[in-house]
Trainee: 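Pasting a structure here, questions to come.
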Amino acid sequence: MKNLKFWMITKEYFLISAGDLITAVGVVAFLVPYNIAAGGASGLAIILHGLLPMIQIGVWMYIINGILILISILILGIDFSFKTIYSTFLLSFFVDLLNNIFPIPVYTGGDLMLATIFGSIITAFGMAIAFSQNGSTGGTDIVAKLFNRFFSIPLGQGVLIADVAIGILSGFQYGVNIGMYAILAIVLNGLSIDFLMRGMEMSKQLFIISSKNEEIENYITQKTGHTVTYIPTIGAHSRKEYKMIMVVVKRREVSSILDVIKAIDPSAFVIVEDIDKAFGEGFNDINKL
């Protein structure tokens with residue numbers, strides 16, 4: 001049990017780290033070269049770097065997140081998990097690393113639309129990976145908590161307000177054209193994160209009526225590790241009593257399960273439904289809600 005918990009924690013921090021690294025690549029390679037301040041601490045850091053260029057963007061991110069966390073602790077109390085603090089400052093480190101210490105190739109094509117689209121999608125992909133492990137990139141997430149505390153603004157709206165404000169500020173610093181691209185990047189980033197998170201978290205629920213329940217049950221429990229639930233049912237036309245299998249599985253597991261059901265019982269009746277979230281053994285930990 002202890003080994004299992006250790007490997008689960010290791011996997012979570014590995015994925016958070018990978019997500020932060022991917023996010024940093026998107027920021028450094030596509031957004032920073034064109035001063036596209038796409039919200040968050042990185043967006044505000046891009047604006048402040050324009051005002052005080054002697055301080056690098058990664059360093060600005062350390063400063064911004066440090067101040068926000070300190071203010072939030074003083075006002076809200078300690079309201080952060082270690083994962084949040086780890087992920088927040090690791091992203092700042094990666095941005096500084098890839099932008100200054102070991103510079104990576106950046107997009108130099110000069111097309112602001114391409115830079116905005118690819119920067120938004122790549123950062124969204126990285127953020128979605130971190131979010132899937134209950135990590136956070138800090139920044140406007142912290143501002144949103146303050147908005148929620150003092151103005152009762154929902155967290156999602158608070159993040160949007162803070163990010164759009166950063167986009168508008170970038171327009172004052174770098175011109176209206178850049179400001180509009182920044183706001184476009186914020187919108188694209190938000191939509192992409194929502195889309196990716198739904199894909200990562202979505203599960204499938206299967207209802208199976210078959211005369212060979214035991215064989216199907218054995219495959220599901222032994223090969224996928226999921227348990228099944230039997231639901232008593234009665235056919236309205238035949239008045240026959242059945243035991244219907246109900247099971248929730250990962251989306252990627254559905255195809256193989258259907259192939260096995262077809263091989264075991266070609267006459268089986270199967271319903272497949274989308275499930276936005278599933279909590280419990282083998283899925284998300286309900287204690288992390």
Trainee: In the structure I gave you, are the side-chain heavy atoms of Lys204 and Asp274 within less than 4.5 Å of one another anywhere?
Mentor: yes

Trainee: I'd like to check Ile245 versus Phe207 (side-chain heavy atoms, cut-off strictly below 4.5 Å). Are they in contact?
Mentor: no

Trainee: In Å and rounded to the nearest 0.5 Å, what is the CD1 to CD1 distance from Ile220 to Ile208?
Mentor: 4.0 Å

Trainee: Look only at the side chain of Ser42 and the backbone of Ala38, and say whether a donor-acceptor pair between them is shorter than 3.5 Å.
Mentor: no

Trainee: Within this structure, what is the CD1-CG distance for the pair Ile57 and Asp96, rounded to the nearest 0.5 Å?
Mentor: 9.5 Å

Trainee: Please check if the side chain of His49 supplies one atom and the backbone of Ile55 the other of a donor-acceptor pair under 3.5 Å.
Mentor: yes

Trainee: Donor-acceptor pair, Asn213 side chain versus Lys243 backbone, under 3.5 Å?
Mentor: yes

Trainee: Show, in sequence, the C-alpha distance, side-chain angles and deciding distance for Met61 and Phe89, and conclude whether the side-chain contact (heavy atoms from CB on, under 4.5 Å) test is met.
Mentor: CA-CA 8 Å; Met61 289 177 67; Phe89 286 103; over 6 Å; no

Trainee: Tell me, do Leu90 and Leu21 make a side-chain contact under 4.5 Å, heavy atoms counted?
Mentor: no

Trainee: How many angstroms lie between CG in Asp20 and OG in Ser87, if you round to the nearest 0.5 Å?
Mentor: 3.5 Å

Trainee: Indicate yes or no: at least one non-hydrogen side-chain atom of Glu214 is less than 4.5 angstrom from one of Ile216.
Mentor: no

Trainee: Please tell me if the side chains of Val272 and Val270 come closer than 4.5 Å, counting only heavy atoms from C-beta onward.
Mentor: yes

Trainee: With sequence neighbours excluded, what pairs up with Tyr34 under the side chain to side chain contact (heavy atoms under 4.5 Å, CB included) test?
Mentor: Ile36, Tyr107, Leu112, Ala115

Trainee: Show every donor-acceptor pair shorter than 3.5 Å between a side-chain atom in residues 256-269 and any protein atom, with sequence neighbours excluded, or say none if there are none.
Mentor:
residue	atom	partner	partner atom	Å
Ser256	OG	Glu253	O	3.0
Asp265	OD1	Ser267	N	3.1
Asp265	OD1	Ser267	OG	2.7
Asp265	OD2	Ser210	OG	2.5
Asp265	OD2	Ser211	N	3.4

Trainee: Looking at every non-hydrogen atom in both residues, tell me the closest pair between Ile186 and Asp163 and how far apart they are.
Mentor: CD1-O, 3.0 Å

Trainee: Grab the two heavy atoms, one from Ser92 and one from Asn65, that are nearest each other, plus how far apart they are.
Mentor: OG-ND2, 3.5 Å

Trainee: Indicate whether any N or O donor in one side chain lies under 3.5 Å from an N or O acceptor in the other, for Asn35 and Ser170.
Mentor: no

Trainee: Linking Ile, Leu, Val, Met, Phe, Trp and Tyr by side-chain heavy atoms under 4.5 Å, what else ends up with Val187?
Mentor: Leu191

Trainee: Is there a side-chain contact (heavy atoms from CB on, under 4.5 Å) between Thr116 and Phe30 once you walk through the steps?
Mentor: CA-CA 7 Å; Thr116 299; Phe30 293 95; over 6 Å; no

